Amino acid sequence: MDVAVLESDQVDAAARADLRLLWDRAFRDRFDDHDADHAFGGVHVLVRDDGRLIGHASAVPRPIRFGDQPWRTVGYVEAVATDPARQGQGVGRLAMTRLHEEISNRWEVALLSTGRATGFYERLGWERWLGLSYTRTGAGVVPDDEHGGLMVLTTDPSVVVDRTLPVTCQDRAGDAW
Ligand SMILES: CC(C)(COP(=O)(O)OP(=O)(O)OC[C@H]1O[C@@H](n2cnc3c(N)ncnc32)[C@H](O)[C@@H]1OP(=O)(O)O)[C@@H](O)C(=O)NCCC(=O)NCCS
């Protein structure tokens, strides 16, 4: 398997098309154009086998507020996917482990939101967020509905993040988290 690390502006049109096919296969109807947009603007790990794209993970900078602390930029993990035909073979772990290196070079804290893959990320050192989550919109800060899938990773051992705090993101098109 071949692992490539690319900034978003290095991902060419052919790779973007391959990525969309991968995401559509892996997420099925749970992936839309907004989700695809959210995956860009940071750093990507692409896993290929025999030239074929079989895995992806990316992280993008996002302003986040923990409790009433100042807003800070965290790495936000997006669009993690393994080709369904290759799941359960360590591809996702490979992509995420490499992405963790990139995250630790750029940000002290990383967040992600997952529906069904909590156990996958827990095995990789991520922890569930225990506090409530909010979204800052044009109309003010609004509480999210039940949000059980938020997870955090700290890449600097000297940084302690209180997982019971409320956490706020900035609104965006598509899913805010
Ligand atoms: C989640 C996903 C990326 C995992 O990729 P993968 O290549 O199959 O994962 P790996 O083979 O590297 O698995 C690594 C470990 O996580 C475990 N694992 C994989 N998927 C899991 C899941 N959904 N829930 C719990 N554990 C999971 C594996 O059993 C393995 O455990 P082990 O180390 O004890 O053997 C893949 O199933 C996928 O693309 N799913 C659809 C898209 C999706 O939901 N992405 C995540 C969105 S946030």
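These values consider heavy atoms only, across backbone and side chains, with no hydrogens, waters or symmetry-generated copies. If you're wondering where the values come from, they're calculated on a predicted model, not measured in any experiment. Whatever order the structure lists them in is the order used to number ligands and atoms, beginning at 1.
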Give the atoms of ligand 1, by number and element, whose distance to some non-hydrogen atom of Gly90 is under 4.0 Å.
10 (P), 11 (O), 12 (O)

State whether Asp33 and Arg20 are salt-bridged, where the test is any N-O pair (Lys NZ or Arg NE/NH1/NH2 against Asp/Glu carboxylate O) under 4.0 Å.
yes

Residue and atom name of the nearest protein heavy atom (relative to atom 2 (C) of ligand 1), distance in Å to one decimal
Thr82 OG1, 4.5 Å

Worked check of salt bridge (Lys or Arg N to Asp or Glu O under 4.0 Å) between Arg52 and Asp83
CA-CA 10 Å; Arg52 183 180 164 86; Asp83 188 310; 3.3 Å; yes

Verify side-chain hydrogen bond (donor to acceptor under 3.5 Å, both in side chains) between Asp144 and Thr135, making sure each step is shown before the conclusion.
CA-CA 7 Å; Asp144 297 318; Thr135 300; 2.7 Å; yes

Atom pair OG1 (Thr82) and CE (Met96), whose distance is rounded to the nearest 0.5 Å
10.5 Å

Would you check if there is a donor-acceptor pair between the side chains of Asp35 and Trp23 at a distance under 3.5 Å?
no

Please answer whether the main-chain N or O of Asp175 pairs with a side-chain N or O of Arg172 as donor and acceptor at a distance below 3.5 Å.
yes

Co-membership, hydrophobic cluster, residues Val74 and Val152, 4.5 Å side-chain:
yes

Taking atom CG as the centre, does Asp12 end up with more than 12 heavy-atom neighbours from other residues, nucleotides or ligands that are less than 6.0 angstrom away?
yes

Quick note on ligand 1: atoms under 4.0 Å from a heavy atom of Arg116 include exactly 23 (N), 24 (N)

Any nitrogen or oxygen of Ala117 lying under 3.5 Å from a nitrogen or oxygen in ligand 1? Just yes or no.
no

Nearest 0.5 angstrom please: Glu108 CD to Thr155 OG1, how far?
7.0 Å

Please name the pair of heavy atoms, one in Val80 and one in Phe27, separated by the smallest distance, quoted to 0.1 Å.
O-CZ, 3.3 Å

If you count the atoms of ligand 1 from 1 in the order shown, which ones are under 4.0 Å from a heavy atom of Gln89?
11 (O)

Looking only at distances, please establish whether an N/O atom of ligand 1 is found under 3.5 Å from an N/O atom of Ala26.
no

Could you find the nearest protein heavy atom to atom 20 (N) of ligand 1 and give me its residue, atom name and distance?
Phe120 CB, 3.9 Å

Can you list the atoms of ligand 1 that are under 4.0 Å from a heavy atom of Ala81?
39 (O)

Rounded to the nearest 0.5 Å, what separates atom CH2 in Trp107 from atom CD1 in Ile64?
12.0 Å

Going by distance only, is there an N or O of Phe27 that falls short of 3.5 Å from an N or O of ligand 1?
no

Please write down residue, atom name and distance for the protein heavy atom closest to atom 34 (O) of ligand 1.
Arg123 NE, 3.0 Å

To the nearest 0.1 Å, how far is atom 12 (O) of ligand 1 from its closest protein heavy atom, and which atom is that?
Arg93 N, 2.8 Å

Say whether Arg86, considering both its backbone and side-chain N or O atoms, lies within less than 3.5 Å of an N or O atom on ligand 1.
no

Atoms of ligand 1 under 4.0 Å from any heavy atom of Gly88, numbered from 1 in the order shown, are 6 (P), 8 (O), 11 (O)

Donor on one side chain, acceptor on other, Trp126 and His100, under 3.5 Å
yes

Less than 4.0 Å between atom 43 (C) of ligand 1 and some protein heavy atom, yes or no?
yes

Any protein heavy-atom neighbour for atom 39 (O) of ligand 1 (distance below 4.0 angstrom)?
yes

Is there a polar contact, in the sense of an N or O pair closer than 3.5 Å, between Gly92 and ligand 1?
yes

Where ligand 1 meets Val91 - atom numbers and elements under 4.0 angstrom, heavy-atom basis:
7 (O), 12 (O)

At a 4.0 Å threshold, what atoms of ligand 1 neighbour a non-hydrogen atom of Thr114?
48 (S)

Tell me the protein heavy atom at minimum distance from atom 46 (C) of ligand 1, and give that distance in Å.
Val80 O, 3.4 Å

